[in-house]
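The structure appears below as structure tokens.
We name chains A, B, ... by the order of the sequence lines, and we start the count at 1 in each one.
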Number of protein chains: 2
Amino acid sequence: MSLRYALLALLTSGPMTGYEISRRFQSSVGHVWHAPDSQIYPELRKMEAEGLVEAETVAEPRGEKRFYHPTDSGLAAFRAWMDSPLRYALDRDPAHLRAAYFEWADPAAARRSLLDHIDRFEDLRVQWQEQIDQIDDGSSPVLARRLEGKDADERRRVSGYKRFAYEGLLARADAEIAWAQRGLGLIDELS
Amino acid sequence: MSLRYALLALLTSGPMTGYEISRRFQSSVGHVWHAPDSQIYPELRKMEAEGLVEAETVAEPRGEKRFYHPTDSGLAAFRAWMDSPLRYALDRDPAHLRAAYFEWADPAAARRSLLDHIDRFEDLRVQWQEQIDQIDDGSSPVLARRLEGKDADERRRVSGYKRFAYEGLLARADAEIAWAQRGLGLIDELS
DNA sequence: CGGACCATGTAAGCGGTTACATGATTCT
DNA sequence: AGAATCATGTAACCGCTTACATGGTCCG
């Protein structure tokens, strides 16, 4: 149910075609709310049908393009969601589930699970750090558009919250890596 | 797809009736893989149909009870899962999604989101700490049954991995709380 | 001319959520 | 007698995954 809010969040940075949405989604808000194209396009249509977004057709050198933007009611829905209580997903964590029963795994396989865990979060860590660097040096196109025509205070707010979100992810990655590394030691100790 | 492995994990501690499974699930493996009764009972039937678990009917003072236990093929499936690569869920994190766009929220609502986040993880922290305490003082019935008839080395392994899993969750809770608290400061600073 | 990128999806299926439903037994 | 716990689900729905599909355009 948050997909539409993720899409609205993206569209508050400016009008975009469906394709731009799908690409920019991956490189920005998709880091906190993943969605494949096969979900994005149908959801956009539903949102259009419900009047949350609108497409404006603009003539282009060849063909024409449809630029989506949030409607007033879309912005209102987004703000209402921002002010509503959060709905958390229930805990479902395959890595910790498995770790709790490592006595049933081959020690080598248990080690592999933890090494995969470390790899995964190191990869994510790099991606998230890149996002933070882009926020800091202004090289994110979505954010740059979002900051256009804003005063210094608003810019600080907008960038500050993006940075804050990614810092949280980074801290999580560090915690996961540290945990998995402790686990490697534990396996050696116990097997 | 991990539900069945969570159920098998639970059943490796000893035979149980459906009802015992559903209760004990909540208080043990359910902490890392949540599932409601409405999912557990049908899944058990499917697993029975596929020969992963078997129920033994035992006469009781009044009526009779069906005690489920994993079959050899169930244990093999569980071990195979333990040794297979993990499948991670894609990132979908409503709290971080929202935090990244706090400039669209009323500052009071943003604060409330973060305070809810802190509450949630403090509650979870308490639950997880209780689990760790129960592991340490032997007061977890599921774990106690699991340790029956095992030698000291095996006991250390079984308890050690359970503890390790919960420690990871605890560290995560701490990180989430610290993050949200930083966020409260940030909101004050920026608004 | 061929490969990367632009552009936009459909369809089947499943895992999970939510709401609802029922009746027996044990405890106070 | 009434509440809590035992005991076991069904049904509708939906968000999401996976696999597949198609054709245009730009660049080297």
Side-chain angles (χ1 to χ4, degrees), chain A residues 1-8 10 15-27 29-30 32-50 52-53 55 57-68 81 86-94 97 141, chain B residues 1-8 10 15-27 29-30 32-50 52-53 55 57-68 81 86-94 97 141:
Chain A
M1 248 292 102
S2 294
L3 173 56
R4 60 176 48 193
Y5 303 109
L7 286 168
L8 285 168
L10 176 61
M16 279 172 241
T17 65
Y19 186 67
E20 279 177 307
I21 291 172
S22 105
R23 266 173 323 144
R24 291 188 172 159
F25 191 92
Q26 312 302 330
S27 67
V29 65
V32 283
W33 197 271
H34 165 88
D37 288 358
S38 66
Q39 215 187 339
I40 289 174
Y41 288 110
E43 184 65 22
L44 272 176
R45 298 196 151 248
K46 272 172 65 186
M47 290 166 73
E48 199 177 1
E50 292 174 38
L52 300 173
V53 299
T57 304
V58 173
E60 286 269 314
R62 72 207 73 251
E64 43 181 39
K65 286 190 170 180
R66 283 161 51 77
F67 287 84
Y68 285 96
W81 176 76
L86 268 182
R87 305 209 37 189
Y88 288 89
L90 293 161
D91 291 303
R92 239 168 235 133
D93 186 328
L97 168 58
Chain B
M1 248 294 98
S2 295
L3 174 56
R4 60 177 50 194
Y5 303 109
L7 286 168
L8 285 168
L10 176 60
M16 279 171 243
T17 65
Y19 186 67
E20 279 177 306
I21 291 172
S22 104
R23 268 173 322 145
R24 292 188 171 159
F25 191 91
Q26 312 302 330
S27 67
V29 65
V32 283
W33 197 269
H34 165 87
D37 288 356
S38 66
Q39 215 187 339
I40 290 174
Y41 288 109
E43 184 66 22
L44 272 176
R45 298 198 151 245
K46 272 171 65 185
M47 289 165 74
E48 198 177 2
E50 292 173 38
L52 300 173
V53 300
T57 302
V58 173
E60 286 271 313
R62 72 206 76 249
E64 45 181 36
K65 287 191 170 179
R66 283 161 52 78
F67 288 84
Y68 285 96
W81 176 75
L86 267 182
R87 305 210 36 191
Y88 288 89
L90 293 160
D91 291 302
R92 240 169 235 135
D93 186 328
L97 167 57

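- Atom CZ in Arg66(B) sits about 14 Å away from atom P in dA7(D), given to the nearest Å.
- Thr17(B) places a side-chain N or O within donor-acceptor distance of the main-chain N or O of Glu20(B), the cut-off being under 3.5 Å.
- dA7(C) atom P lies 12 Å from atom CD1 of Ile21(A), rounded to whole Å.
- One can place CZ of Arg23(B) at 13 Å from C1' of dT8(D), the figure rounded to the nearest angstrom.
- Here dG15(C) presents its P atom at 11 Å from OH of Tyr5(B), a figure rounded to the nearest Å.
- The side chain of Tyr41(B) approaches dT8(D) more closely than any other nucleotide in the set dT8(D), dC6(C), dG9(C).
- Residue Lys46(A) places at least one side-chain N or O closer than 4.0 Å to OP1 or OP2 of dG15(D).
- Considering only side-chain N and O atoms, Gln39(B) lies nowhere under 4.0 angstrom from the phosphate OP1 or OP2 of dG15(C).
- Among dT17(D), dT8(D), dT18(C), the nucleotide with an atom closest to any side-chain atom of Tyr19(B) is dT8(D).
- The CE atom of Met47(B) sits 13 Å away from the P atom of dG15(C) (whole-angstrom rounding).
- With a 4.5 Å cut-off on side-chain heavy atoms, Ile40(A) and Gln26(A) count as touching.
- Here dC5(C) presents its P atom at 15 Å from CD of Gln26(A), a figure rounded to the nearest Å.
- Cation-pi geometry between Arg66(A) and Tyr68(A) is met: under 6.0 angstrom from the ring centre, within 45 degrees of the axis.
- Between the CZ atom of Arg24(B) and the P atom of dT8(D) there is a distance of 13 Å, rounded to whole Å.
- Side chain of Pro36(B), nearest nucleotide from dT17(D), dT18(C), dT8(D): dT18(C).
- In this model, the phosphate group of dG15(D) is not approached by any side-chain N or O of Arg87(A) to a distance below 4.0 Å at OP1 or OP2.
- A donor and an acceptor atom sit less than 3.5 Å apart, one in the side chain of Ser38(B) and one in the base of dT18(C).
- Proximity note for His34(A) (side chain, C-beta onward) versus dG9(C), dT17(C), dT17(D): the nearest is dT17(D).
- Of the side-chain N and O atoms in Arg92(B), one or more sit less than 4.0 angstrom from OP1 or OP2 of dT17(D).
- Between Tyr5(B) and Pro94(A) the shortest side-chain heavy-atom distance does not fall below 4.5 Å.
- We find that CG of Asp37(A) is positioned 17 Å from P of dA21(D), with the value rounded to whole Å.
- Taking the side chain of Pro42(B) as heavy atoms from C-beta on, and the options dT10(D), dC6(D), dG16(C), the nearest nucleotide is dT10(D).
- Between Ser2(A) and Arg45(B), the residue whose closest nucleotide on DNA chain D is further toward the 5' end is Arg45(B).
- Expressed to the nearest 0.5 Å, how far CZ of Arg24(A) lies from OH of Tyr19(A) amounts to 11.5 Å.
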